[in-house]
Amino acid sequence: MNLPDLLTVIMDITKDLVGAEGSSLLLTDEKSDDLIFNVVVGEKGDIMKGDRVPCGVGIAGTVAATGEPLIVNEAQQDPRFYNKMDSKYNFYTSHILCVPMKVMDRKVGVLEAINAIDRDGFDEWDLKLLTYLAETAAIAIANRRLYYDLTNRIDELTALYEFSQSISSSSAEEDILKNTIQSIAQSIRVEKASIILYNEATDSLVVKASYGLPESIGDNHNIDTFNSIAGFVYKNGDPLIVADISSEMSFPGSNDRDYKTQSFISIPVRYKNNIMGVLSLADKINGNPFDSYDLRVLSTVASQIAEAYQNIKFHKSIIQQQRLAQEIDVASEIQAKILPVIPEHIQHHRIAALNRPAKEVGGDFYDYFQFDENKYGIVVADVSGKGIPAAIFMGTARNVIRAESRINNQPGMLLQNSNKYIYEDSEHGMFVTLVYFLIDIHNNIITFGSGGHNDQILIKHTTGEVVRLNAKGMPLGIDCDLDYEEKVFLYEPGDMMILFTDGVLEYLGECDIEIGEQKLLDIAFQFIEAGPGALIHHFREMLNAEDFSQDFTDVIDDFTLLAIKF
């Protein structure tokens, strides 16, 4: 359809919608700013086309100049009235309804209706309808197409307008459905209406919003999916419009109807390819049957219900995700505070540690126990998995080991007893690997045990020899009764021990453990003189530069590294 034909259709609809003798569309001349009668529908329509009205003159000129709509129901007495057109065409104007047309705050022209039929003038409702049409006409002029079907009758435009108003004023799932069903019922002029949605949790259809229904089948009432018209439409997926149910085919549950009329309409509420529920209406106030017009309007409304409902649910989901993110941030802070502050020096030993979870929270941890002035213990552990489950299990494992260390600090017994308690709390196959070192400063002795953890490293200061520290033992939490080997190693001043989880090797080797271990050794040798503080600082800067938490979440485990220079 070309633009002149399209504008003529708009003006025909305008005239019929507001019940006027005539309607006019006046476009703004960008050079002179005059208004030009572009389309005129009514008795003098053909001869008025092309006439001009100066901007600021008359009702139309005033609306164009101010951008504000006007209702003038005593036109002849209004000083702004421009009677030149009446005199020229032997016409008598009693009522004028005029609204501006704008696109992106740019003046396009005005739309006006003349002389209300069988009424004392135009009212606010007419103004709303004309404003809606003016906006649509302006878009059509600017974009050379019509976005909505303007051939619908007044009830269609009313229903869509009222529905859009209910959508814009609703912010919750319940509000949007209740506002919508009331708006639809009043616009289509029916006594009964309902929105019925499918509930996945109960595998049933539930009345989520209703209008005019008895309390016995009001909101939150379950609908029989197999023996009801709503269930039939939901399963079938096609709209159902019945003019007279008594003379048409039998439908499930039709004998249980208690309505004034025999006509009803049910439309599936569909979001993309998924049917969410059913929109049903019955009992038109005027007693007429539902027709194709109602089907067209309600199909559009059903689609918008689904879209708006999903948007609100999505917004609600975003809010929940934000709240969860905040809670996870708090959990991350709490977890970070759980890790002990290890002193930089314990007598002549220098110590530094770094923990960086792959997600906001993680399952890696380290711990430090000071038993007396010459003995302290170090734990480095790795809980299976990542994220929140690992973080929860990590807290359990850490508390068990910490409690057991107060009773027996020897590696063999500490790991054996801790394993029993961790096994009792382990669920879904979760476990923890760890190494525990008891360090005797006075005698230069390391006593250690391992629960399925990867080999740790000690670099001899005098020779540069790399000593791999390992001991036999299964991960804690796999079985109840397990024994753990206890080993002893004599260190020398200047030696540096590096404790780590496998996430360190995965990160350095890009998931290749052997390459990762070699890179760890290469870096460690660079900092053997500078000591643990410099080594940990190097890794911290490396992780920060590569945004560890963002770039490697899906492929890299938590990262924990602890170094001691004897």
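Values reported hereafter were calculated over all heavy atoms of this structure, with side chains retained and with hydrogens, waters and symmetry mates removed. Keep in mind that what you see is a predicted model, and the values were worked out from it rather than measured.
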*Asp483 vs Gln416, side chain to side chain donor-acceptor pair (under 3.5 Å): CA-CA, chis, key distance, verdict*: CA-CA 6 Å; Asp483 294 324; Gln416 185 181 62; 2.6 Å; yes

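- The aromatic rings of Phe566 and Tyr491 sit parallel, their planes meeting at an angle under 30°, below the 60° perpendicular limit.
- The ring pair (Phe, Tyr, Trp, His ring centres under 6.0 Å) check on Phe527 picks up His538, with sequence neighbours excluded.
- At least one side-chain heavy atom of Ile351 sits less than 4.5 Å from a side-chain heavy atom of Tyr376.
- Just one residue in the list Met496, His345, His349, Met497 forms a side-chain contact (heavy atoms from CB on, under 4.5 Å) with Lys565, and that residue is Met496.
- Side-chain atoms of Asp495 come within 3.5 Å of backbone atoms of His461 as a donor-acceptor pair (strictly under, hydrogens ignored).
- Side-chain atoms of Leu505 and Leu520, non-hydrogen and from C-beta on, do get closer than 4.5 Å to each other.
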*Evaluate the criterion side-chain contact (heavy atoms from CB on, under 4.5 Å) for residue pair Leu197 and Val278; output intermediate values, then yes/no.*
CA-CA 6 Å; Leu197 298 181; Val278 178; over 6 Å; no

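- Using a cut-off of 4.0 Å between Lys/Arg side-chain N and Asp/Glu carboxylate O, Arg398 and Asp367 are scored as salt-bridged.
- Looking at heavy atoms from C-beta onward, Leu508 lies in side-chain contact with Ile523 at the 4.5 angstrom threshold.
- Counting heavy atoms from C-beta on, the side chains of Phe559 and Asn355 never come closer than 4.5 Å.
- Heavy-atom neighbours of His442 NE2 from other residues, nucleotides or ligands within 6.0 Å: at or below the threshold of 12.
- Checking side-chain atoms of Ser426 against main-chain N and O of Ile422 turns up no donor-acceptor pair under 3.5 Å.
- Side chain of Arg270 to backbone of Gly237: a donor-acceptor contact under 3.5 angstrom is found.
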*Take Ile445 and Val488, measure what side-chain contact (heavy atoms from CB on, under 4.5 Å) needs, and give me the verdict at the end.*
CA-CA 7 Å; Ile445 292 175; Val488 176; 3.5 Å; yes

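- Counting only distance, with no hydrogens or angles, the side chain of Lys487 and the backbone of Thr447 share no donor-acceptor pair below 3.5 Å.
- A donor-acceptor pair is defined here as one N or O able to donate and one able to accept, closer than 3.5 Å; no such pair exists between the side chain of Gln410 and the backbone of Gly412.
- Of all heavy-atom pairs spanning Val504 and Leu561, the tightest one is CG2-CB, 4.3 Å.
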_side chain to side chain donor-acceptor pair (under 3.5 Å), that's the test. Do Asp522 and Gln518 meet it? Break it down for me._
CA-CA 6 Å; Asp522 292 343; Gln518 187 57 53; 3.0 Å; yes

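- Within 6.0 Å of atom CD in Glu344, 12 or fewer heavy atoms from other residues, nucleotides or ligands are found, so the atom counts as exposed in its surroundings.
- Rounding to the nearest 0.5 Å gives a distance of 11.0 Å between OG1 of Thr300 and CD1 of Ile305.
- With hydrogens and angles disregarded, a donor-acceptor distance shorter than 3.5 Å links the side chain of Ser405 to the backbone of Arg402.
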*asked:* If you apply the rule side-chain contact (heavy atoms from CB on, under 4.5 Å), what do you find for Ile267 with Leu295, and how did you get there?
replied: CA-CA 8 Å; Ile267 310 290; Leu295 177 62; 3.4 Å; yes

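- Although no hydrogens or angles enter the test, the distance criterion places a donor-acceptor pair under 3.5 Å between the side chain of Asp224 and the main chain of Phe226.
- Taken from OG in Ser210 to NE2 in His221, the straight-line distance is 10.5 Å, to the nearest 0.5 Å.
- Side-chain contact between Lys420 and Asp481: present, with at least one pair of heavy atoms (C-beta onward) separated by less than 4.5 Å.
- With values rounded to the nearest 0.5 angstrom, Leu415 atom CG is found 8.5 Å from Tyr436 atom OH.
- In this view, Phe448 and Phe437 satisfy the ring pair (Phe, Tyr, Trp, His ring centres under 6.0 Å) rule, not counting sequence neighbours.
- When all heavy atoms of Lys460 and Leu490 are compared, the closest pair comes out as NZ-O, 4.3 Å.
- For Gly449 against Ala471, the heavy-atom pair with the smallest separation is CA-CB, 4.2 Å.
- If you take CZ on Arg406 and CD1 on Ile401, they are separated by 12.5 Å, rounding to the nearest 0.5 Å.
- Gln347 contributes a side-chain N or O that, together with a main-chain N or O of Glu373, makes up a donor-acceptor pair within less than 3.5 Å.
- A salt bridge links Glu517 with Arg468: the distance from a Lys NZ or Arg NE/NH1/NH2 to an Asp or Glu carboxylate oxygen falls below 4.0 Å.
- Surrounding NZ of Lys235 are more than 12 heavy atoms belonging to other residues, nucleotides or ligands, all under 6.0 Å away.
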*asked:* Could you walk me through whether Thr501 and Asp364 satisfy the side chain to side chain donor-acceptor pair (under 3.5 Å) test, starting with their C-alpha distance in whole Å, then the side-chain angles of each, then the deciding distance to 0.1 Å, before giving a yes or no?
replied: CA-CA 8 Å; Thr501 59; Asp364 277 14; 2.7 Å; yes

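- Between the CG atom in Leu281 and the OG atom in Ser266 there is a gap of 8.5 Å [rounded to 0.5 Å].
- In this structure a side-chain-to-backbone donor-acceptor pair under 3.5 Å is missing from Ser204 to Asn222.
- Shown here are the ring pair (Phe, Tyr, Trp, His ring centres under 6.0 Å) partners of Tyr234, two or more places apart in sequence or in another chain: Tyr198.
- Atom-to-atom distance recorded for Ile498:CD1 and Leu535:CG is 5.5 Å, nearest 0.5 angstrom.
- Residues Ala185 and Tyr211 approach most closely at CB-CD2, 3.3 Å, considering heavy atoms.
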*asked:* For a side-chain contact (heavy atoms from CB on, under 4.5 Å) check, start with the C-alpha distance between Ile265 and Ser280, then their side-chain angles and the critical distance, and finish with the verdict.
replied: CA-CA 6 Å; Ile265 186 169; Ser280 296; over 6 Å; no

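- Judged by distance alone, with hydrogens and angles left aside, the side-chain atoms of Tyr421 form no donor-acceptor pair with the main-chain N or O of Ala397 at under 3.5 Å.
- With contacts defined as side-chain heavy-atom distances shorter than 4.5 Å, the pair Ile378/Phe369 does not qualify.
- You'll find the side chain of Tyr484 reaches within 4.5 Å of the side chain of Asn419, heavy atoms only.
- Few gaps surround CD on Glu541; more than 12 heavy atoms of other groups in view lie less than 6.0 Å from it.
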